[in-house]
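Accompanying notes for the structure given below.
FYI, side chains are in, hydrogens and waters are out, and symmetry mates aren't considered; it's all heavy atoms of this structure. FYI, the numbering just counts along the sequence from 1.
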Amino acid sequence: MDSKFWKIAVVDHMAHGGTLNRKVPAEWKSLAYLRPEVVLDRLRRIATSGMLSGLPEDVQTLRRRDLRQFLEGRQAALFCYGVGRALGVEVTFALCEKDDYDFVARYHIDNSEIYVPVQLKELVPVKLNEKADLQKLLDSVSRKYPTSSDLVVAIHINRDITDLRPAELRLPRGVGQLWFYGARDYTQERWMIAGDLLQDPNLVREFSYPLPQALIWEHIANGPYVQRSVSWLVRNAVSDQYYSVALATFIFRRS
């Protein structure tokens, strides 16, 4: 399939009873939308800087309870970046956790501003839960969202995906769209994104982790406001763990 299919799939879904065809909630328009490549670049810089060395693994991996929003932010950024590469447009996102969605994605196409509510799910790594099963996860989506035609569900396949066969899975039909995404190897440089699986379970694309945003990073890091903010965070951090939380908060506020 060429890129046109991806565009039509998204626009057609939104134009028939979906977000594009009804009034966009004022709350969605007022949210602060983040550029995924900037967020991902900053998170990787922290991860590879050595400043997290010696911290508990649940802090380094953003899995501690008070870091959940930053884990979801990373997952949202990865998904939006992958979808954007597939669509050929920039897809930004804003965290906005509600009962049936975790964030709102936004992009422009054909002079229209499109907003898409997205629910995040994750097939966790084997070391966290070796009994976790993708089909069971999909079945839970079917039960929880039986009539959510406006909702996009994005599942992070956070483990080896060499044997992934979407066409053989029992997919939920009550949601608007279903996507899988995950790293191709342990370096997390190469990624795949599959979807919309309800349109074509065999439609898979690849993308690379975004290149360093050197100019953006240097401009922000050298700004006087940022220097004061970082100094304040360091002075008020009572532990390495809280310092890492402060760093993550800083990233999401300033991207």
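- Residues in residues 128-148 take part in these salt bridge (Lys or Arg N to Asp or Glu O under 4.0 Å) pairs, two or more places apart or across chains: D139-R170.
- Around CZ of R173, the count of heavy atoms belonging to other residues, nucleotides or ligands within 6.0 Å exceeds 12.
- Side-chain atoms of R159 come within 3.5 Å of backbone atoms of V124 as a donor-acceptor pair (strictly under, hydrogens ignored).
- Between D58 and L67, every side-chain heavy-atom pair lies at or beyond the 4.5 Å cut-off.
- Between L120 and H156, the closest side-chain pair of non-hydrogen atoms is not below 4.5 Å.
- Between P36 and A77 the shortest heavy-atom distance is CB-O, 3.2 Å.
- Each of F93, Y115, W28 was compared with Y101 under the ring pair (Phe, Tyr, Trp, His ring centres under 6.0 Å) criterion, and only W28 meets it.
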(message) Assess the residue pair L87 and I109 against the criterion (side chain to side chain contact (heavy atoms under 4.5 Å, CB included)); give the C-alpha distance rounded to whole Å, side-chain angles, the decisive distance to 0.1 Å, and a yes or no.
(response) CA-CA 10 Å; L87 290 171; I109 190 171; 5.8 Å; no
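- Counting all heavy atoms, side chain and backbone alike, L151 lies closest to D100 at CD1-O, 3.0 Å.
- Hydrophobic clustering (ILVMFWY, side-chain heavy atoms < 4.5 Å, transitive): L71 and V118 are in one cluster.
- From L43, atom CG reaches atom CZ of F70 across 9.5 Å, with rounding to the nearest 0.5 Å.
- To the nearest 0.5 Å, atoms OG (S208) and CZ (R184) are separated by 11.5 Å.
- Ring pair W179/F79 is perpendicular by interplanar angle, where above 60° counts as perpendicular and below 30° as parallel.
- Listed for the Q60 side chain is a donor-acceptor partner under 3.5 Å among the backbone atoms of L55.
- For the residue pair G176 and L198, the shortest heavy atom distance occurs at O-CD1, 4.0 Å.
- In this view, E27 and K98 satisfy the salt bridge (charged side-chain N to carboxylate O under 4.0 Å, His left out) rule, not counting sequence neighbours.
- Distance CD/Q199 to CG/L197: 10.5 Å, rounded to 0.5 Å.
- For E122, the side-chain hydrogen bond (donor to acceptor under 3.5 Å, both in side chains) partners at least two apart in sequence or on another chain are R63, Q75, N158.
- Salt bridge absent: E37 and R85 never bring a charged side-chain N and a carboxylate O closer than 4.0 Å.
- L123 and L128 are members of different hydrophobic clusters when ILVMFWY side chains are connected at heavy-atom separations under 4.5 Å.
- Summarising the geometry, atom CD belonging to Q177 is positioned 14.5 Å from atom CD belonging to Q119; distances are rounded to the nearest 0.5 Å.
- Counting heavy atoms from C-beta on, the side chains of Y33 and F103 never come closer than 4.5 Å.
- Counting heavy atoms from C-beta on, the side chains of Y81 and P210 come closer than 4.5 Å.
- Cluster membership for L40 and I46, using ILVMFWY side-chain heavy atoms within less than 4.5 angstrom, is shared.
- When all heavy atoms of L78 and F207 are compared, the closest pair comes out as O-CZ, 3.9 Å.
- Here the closest non-hydrogen pair linking P166 and L171 is O-CD2, 4.4 Å.
- Residues V83 and L95 fall within the same hydrophobic cluster, defined by Ile, Leu, Val, Met, Phe, Trp and Tyr side chains chained together at heavy-atom separations under 4.5 Å.
- Atom NE2 of H108 is separated from atom CD of E113 by 3.5 Å, given to the nearest 0.5 angstrom.
- Using a 4.5 Å cut-off between side-chain heavy atoms of Ile, Leu, Val, Met, Phe, Trp and Tyr, with links allowed through other members, V24 and V104 fall into the same hydrophobic cluster.
- Put simply, the side chain of Y107 reaches to within 4.5 Å of the side chain of V116, judged on heavy atoms.
- Note that the OG1 atom of T61 and the CZ atom of R74 stand 10.0 Å from one another [nearest 0.5 Å].
- When all heavy atoms of N202 and A167 are compared, the closest pair comes out as OD1-CB, 3.7 Å.
- L178 is listed as a side-chain neighbour of I155, based on a closest heavy-atom distance under 4.5 Å.
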